[in-house]
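Below is one structure; the comments refer to it alone.
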There are 2 protein chains.
Amino acid sequence: MRTAFANGGVMESSELIWLRPEGAGVGRPASRSREEITEVAVRVADRDGLPGVSMRNVAAELGTGAGTLYRYVDNRDDLLDLMADHVAGEFALDNATGDWLDDLVDVGLQAREIHRRHPWLPELTLTRPVTGPNGIEATEYVLAVLADHPASDSEKLVALAMLHAVVASAARAEASTVDMMRSARFIAHVVAQGGHPHLAALNPDPAGGDPLPTALRRILRGLLSGVD
Amino acid sequence: MRTAFANGGVMESSELIWLRPEGAGVGRPASRSREEITEVAVRVADRDGLPGVSMRNVAAELGTGAGTLYRYVDNRDDLLDLMADHVAGEFALDNATGDWLDDLVDVGLQAREIHRRHPWLPELTLTRPVTGPNGIEATEYVLAVLADHPASDSEKLVALAMLHAVVASAARAEASTVDMMRSARFIAHVVAQGGHPHLAALNPDPAGGDPLPTALRRILRGLLSGVD
DNA sequence: CCGCGTTCGCGAACATTGATTGCGAACTAG
DNA sequence: CTAGTTCGCAATCAATGTTCGCGAACGCGG
């Protein structure tokens, strides 16, 4: 798809939305902004879930028609990108203590809190890269925390990607207890039929606390405290 | 939704599809099977991607109408579940060497190969739990590998979940080079504007090999060789 | 061999979705 | 004030998931 501009030029919309200018300097000014639309979309998602974020729904919430949204966004995916990066702005990136492990675990736990506040977020962050302005800011922060760390840049990026994958995945598991229960019922059925001794012998730990903090510590240290 | 049966009973379809019987013993026999439909759906997905897996498309490939599929499946999500578990049958689970770390890394690398063969798979495994018969089989295998390991059951399950999350996430990143390039362009733009020193100072390692095997080793050992 | 109960196949139909288009109104620049 | 441009909006299109009703196919009991 191509968008024509006042200068007669043309912009390939295969770029991320943040690279495309918002509005044009001339002509009738827009009555809404990407920010405003994004906030409304996030509110709708918090209330009705991700499938509730239809162009018609969001537009209605804004008191307008569906077609109007396409003046601000090329397609629905753009809107989803905006939403994901919007909530990435909820990070508090000024807690650095100087201990890289503590700081990275803190980022991971903050990420989980964000995912908990917005149960629709895992589906987005797991399916697409989050590389909007706020996502970039978080990445820069992590790199700053690891600035004095001896690991190579590649290793740091791998650790960052893994941190993200683990947190988002855990958050998704938390978010859909329905799926969990359906799975549990099926597993119980399979176990009841025999033939899966180790699955049958499984029993949950008594009084297991929150596993994520220690898991994150172990993963990050395993990845970055290279004792191969 | 509810499905009536010959005995006058009723079955809640909120169960996973594998808990619901295929066909009914009486009446006109079905001319197709879940297996057959699943195989066709997988083939369509391999060719046209996940959005190509529409009820009409799959039905057409089977030489029938869309409505017919609903005799075998309650909804599209059921079909996706079937597909995900179907390819989970591609695991070779008879390679156990006795060394749990080697064996788990092997499972992870096998999972990546499966994801590579079916580029649509990450979107499924990341979004929903894979707990069909074949998925259960893989879980049982992992538990068998870890049978003599001193870690607690909870720790083992956490490690398994993390293994899955990491592999699927890495596979997704591999699968969509388009997104990667768009992100790269935006990051380059941000860096060019200054203000992100650590991001700017980033340079990729020369001749970096495949990072996943060592990453998996480090993560799994970090999680299961408890040296807190 | 035949009817009966039940299921299956199938096409038409419905609601909803993302996206496009054409036009009049609103706005800025000169 | 005029020219040029963009914006808002409603109508519209194509495609999707899903439901429904009906006639035909089948197995079983007589």
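- Counting only heavy atoms from C-beta outward, the side chains of A:L104 and A:L146 approach each other to under 4.5 Å.
- The interatomic distance linking A:L69 (CG) with C:dT17 (C1') rounds to 14 Å, in whole Å.
- For the pair B:F186 and A:E15, the minimum side-chain heavy-atom distance is 4.5 Å or more.
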Checklist outcome for this item: Under a 4.0 Å heavy-atom criterion, the protein footprint on nucleotides 24-30 of chain C, written with B, S and -, is BBBB---
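- The OH-P distance, from A:Y70 to C:dA19, rounds to 4 Å in whole Å.
- Using modelled atom types and a 3.5 Å distance limit, the side chains of A:E174 and A:H115 yield no donor-acceptor pair.
- Proximity of A:L160 to A:H164: side-chain heavy atoms (C-beta onward) are nowhere separated by under 4.5 Å.
- B:L50 places its CG atom 13 Å from the P atom of D:dT16, with the value rounded to the nearest Å.
- For the OP1/OP2 pair of C:dC10 and a distance below 4.0 Å, the side-chain nitrogens and oxygens of B:T64 include at least one atom meeting the criterion.
- Residues B:T127 and A:L126 have side chains not in contact (no heavy-atom distance under 4.5 Å, counting atoms from C-beta outward).
- Atom C1' of nucleotide D:dG8 and atom CD of A:E36 are separated by 14 Å, given to the nearest angstrom.
- Between A:I37 atom CD1 and D:dC7 atom P the separation is 11 Å, expressed in whole Å.
- In this structure, A:M55 places its CE atom 15 Å from C1' of D:dC9, rounding to the nearest Å.
- A residue-by-residue look at B:A30 and A:P51 shows that B:A30 has its nearest nucleotide of DNA chain C further toward the 5' end.
- Atoms CD (B:E22) and P (C:dT7) sit 15 Å apart, rounded to a whole Å.
- At least one side-chain heavy atom of A:R128 sits under 4.5 Å from a side-chain heavy atom of A:D81.
- Using a 4.0 Å cut-off, some side-chain N or O of B:Y72 falls inside it from OP1 or OP2 of C:dG9.
- Within 4.0 Å of A:T68, counting heavy atoms only, lies at least one base atom of the nucleic acid.
- Nucleotide D:dT12 holds its P atom 13 Å from the CZ atom of A:R56, rounded to whole Å.
- With no hydrogens or angles considered, no side-chain donor-acceptor pair links A:N57 and A:E61 at under 3.5 Å.
- Checking C:dA19, D:dG17, C:dC10 against the side-chain heavy atoms of B:R71 singles out C:dC10 as nearest.
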